[in-house]
Structure formats: C-alpha cells, structure tokens
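To start, the structure under review is shown below, and the notes come after it.
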Amino acid sequence: MKLNQLEMLVLLAETGSVQAVSERMHRTQAAVSMALKGLEEDVGVPLFDRSGYRLTLSAQGRQFLRQAREVVKQHQRLHSLAAQLQTGAEPQLHITYDYTCAPAVLFPVLQQVQEQFPATELLLSGESQLRALRRIREGEAELALCPWLPIFRQHGDFETVRVRPFELWVVCAPELLGDVAVEQLQRQDLLELPMLIPQNQDIGIDLDQIMRIPSQQRIRVNDSITQRELLLAGMGWGIIPGDLIGDALERGSLVRIDIAGFLTHVNLEVHLVRSAERIAGPVEEMIWQFFSKSSDSVRNDYMQ
C-alpha cells in the first residue's frame, strides 16, 4: 500500500465522494477509484460498501481508517519537521482572522515577534464569516483567530487556545421601530420587520436556523462590517458581534432587542486555531505560547 492511497481513503471519509477526492488531489476520478481498489486488494478485506449510490466505508474500512489517519498525520508532521530543520525560523507566517474578531489582540505578541525574529515576514489576512478555519485545514495559513465552537472539530483536526470572550447581540436602529418602544417589542413585531442575516457559511453556525424567525423581508450579507452599516442605516434588525457595535450602542444609534423567551444574545469565545497535523516553527510557537499563558492566567484567577 502507498501513502497516496491512504490519503485518498482519509479524504473519501472526510468528503464523502470520489469526485471531491479527485479535485483535492488533482487526479482523475478513474485514477482515484483505481487507487482505492488497489488499496483494498492490498489489505485483503472489503474496505468499501458499494451497494449505494456513493462509495462508503464498510465496518472493516472504518476500523482500517483509524490507523490510516495516524499514518497520514505522522507523515505530515515529519514533512513539517523537515522543513523546520532546513530553514530554522519560518521565512513567512500566515495569520488569518475572522472579520468579526478585531485583530488588535494579536498586536502585542506580533511586536515581540518583530523584535526576536526580524527576518520572518508576517502575513495577515481577514476572511468573511468562518472561512479562516478552511484556510487552516487546507494548509494556506498557520494560525487563525475566530469565534469557536466544539462542533468545528468535525471540519478538521484543530488545536485551539482561548483568547477572549465573544458575544453576539440582537440589535436594530431605534427609528426602525417607529412608534413601538424597544421595551414593548414583541416577537410578532420582529416578523414584520426586515431581518439582516449572514449568508450561508462554509464552516460555522447557521444563524438562520438558530433564530428561527420567518421574517417576510430579508437582506443577506457576507460580512459583519456591511451588516453593521445596514443596521445603522435602519435597514433591518439582526444579530451581530458586540465588539462591532459597542460605540453605536453608547451613542444610541443602535438599541439592543431583549424579548423574553427569544434569543437575544449568544456567548461564545474567540480562539487561536492551528492544525494538529503540523509541527510548529519557533515563531508560530511563540505566538501560541503567548496566548496559552494568558489563558492559563485567566483560568487560575477564576479558580482562586
């Protein structure tokens, strides 16, 4: 059996289709099917169930998959280690952040990186919604700053450390309510008002399902900055990160919606995320330890 056959097996389990495997590995579907069949012949037991429309793993295949994943991970770690041994400190470090998370929290440790590793080029890029996780999974970035839920682990083998709390609030401009006072607002009133909601996310939460409000009018946006501007313009109500609207709430440009029995806020956490399948270089590890120690300090203060 060959390593690329094991990689195809792992990808098949993750994506659920031979076509997706062929696209990710830049092989034809016929080549992928032939490689998987060859792997099955080498193992000597039926790894796949071919009775349905899609190729799926048999019970024996699922058992074999667990060990195959470990072999693939070990190879990825060895490849990463070899690169680190050859170059020392990373020539470049890619850090991506979700637009809902202010990247300023990274600045203190990035200043330390500049002092200790001046030859390392830092590349920061923002992503709408939670596509930052996809960049980590695909190996396009080393670190990501984004809102975190445990269910995101189904999308990749991630390692995370807590950075800070993160809140989502339901708000609107006061003029949107007309003569209705925000304290008197009822669930039925929201049904008659336009709703601003993020477009479907590649990875993440479907707020449409969480809110469960069948508003007659909707405006979908693909980033929270645009959503904030639409909220300020009185174009609708919606759920948005508290960090983006704190000043608007203080000025009275936006008001929080608080209806008994209705979801009015969501408490999450911002995490620093990286792949568990790579060996970190010294710059990445320095940033990681900075937040790991901060997280430990917060935890210890809470317990005392």
Student check: side-chain heavy atoms of V270 and C146 closer than 4.5 Å: no

Side-chain heavy atoms of Q92 within contact of T120, under 4.5 Å: no

Short side-chain to backbone donor-acceptor contact, E40 and P46, under 3.5 Å: no

Check: H75 and L3 side chains under 4.5 Å, non-hydrogen atoms: yes

From CA spacing to verdict: side chain to side chain contact (heavy atoms under 4.5 Å, CB included), Q5, K2: CA-CA 5 Å; Q5 292 174 310; K2 300 178 181 179; 3.7 Å; yes

Distance in Å, L190 CG paired with M195 CE, rounded so as to fall on 0.5 Å steps: 9.0 Å

Step-by-step side chain to side chain contact (heavy atoms under 4.5 Å, CB included) determination, M34 to V32: CA-CA 5 Å; M34 186 177 299; V32 171; over 6 Å; no

Side-chain ion pair, D243 and R164, N-O less than 4.0 Å: yes

Close side-chain approach of F152 to T160, heavy-atom, < 4.5 Å: no

Co-membership, hydrophobic cluster, residues L123 and I136, 4.5 Å side-chain: no

Any M25 side-chain heavy atom under 4.5 Å of L11 side chain: yes

Heavy-atom side-chain contact between W237 and V171 under 4.5 Å: no

Contact summary for I287 and V109, nearest pair of heavy atoms: CA-CG2, 3.9 Å

Shortest non-hydrogen separation from L6 to V71 and the atoms involved: CD1-CG1, 3.7 Å

H94 and S125: CA distance, side-chain angles, deciding distance, side chain to side chain contact (heavy atoms under 4.5 Å, CB included) verdict: CA-CA 8 Å; H94 295 75; S125 60; over 6 Å; no

N-O pairing of R274 and E142 below 4.0 Å: no

Taking every non-hydrogen atom, the tightest pair across A173 and L254: N-CD2, 3.7 Å

From CA spacing to verdict: side chain to side chain contact (heavy atoms under 4.5 Å, CB included), L145, F291: CA-CA 11 Å; L145 188 73; F291 288 105; 5.8 Å; no

Taking every non-hydrogen atom, the tightest pair across P241 and S224: CD-OG, 4.0 Å

Side-chain (E90) to main-chain (V283) donor-acceptor, under 3.5 angstrom: yes

Ionic contact status for R228 with D247, cut-off 4.0 Å: yes

Pair Q289-E285, side-chain donor/acceptor within less than 3.5 Å: yes

Taking every non-hydrogen atom, the tightest pair across F64 and M1: CZ-SD, 4.0 Å

Name of the residue among Q19, R27, H26 meeting side chain to side chain donor-acceptor pair (under 3.5 Å) with E23: Q19

D157 side, atom CG; R137 side, atom CZ - distance, nearest 0.5 Å: 12.5 Å

From I245 atom CD1 to W169 atom CH2, the distance as rounded to the nearest 0.5 Å: 6.0 Å

Whether T15 side chain and A20 backbone form a donor-acceptor pair below 3.5 Å: no

Side-chain ion pair, K73 and E277, N-O less than 4.0 Å: no

Spacing of CZ belonging to F48 relative to CG belonging to L39, to within rounding of 0.5 Å: 6.0 Å

Side-chain (E159) to main-chain (A276) donor-acceptor, under 3.5 angstrom: no

Geometric class of the F158/W148 ring pair [parallel <30°, tilted 30-60°, perpendicular >60°]: perpendicular

Side-chain touch L177/L193, heavy atoms, less than 4.5 angstrom: yes

Where A13 and L57 come nearest, the two heavy atoms and their spacing: CB-CD1, 4.1 Å

Spacing of CG belonging to L110 relative to CG belonging to L122, to within rounding of 0.5 Å: 5.5 Å

Test item: D258 and E183 side chains (from C-beta on) under 4.5 Å apart, heavy atoms: no

Interatomic distance, T226 atom OG1 to R220 atom CZ [nearest 0.5 angstrom]: 15.0 Å

Lys/Arg N to Asp/Glu carboxylate O, R24 vs E138, below 4.0 Å: yes

Residue pair E127, R135: steps toward the salt bridge (charged side-chain N to carboxylate O under 4.0 Å, His left out) verdict: CA-CA 9 Å; E127 299 288 344; R135 294 198 64 192; 3.4 Å; yes

In one Ile/Leu/Val/Met/Phe/Trp/Tyr side-chain cluster, 4.5 Å: V45, L55: yes

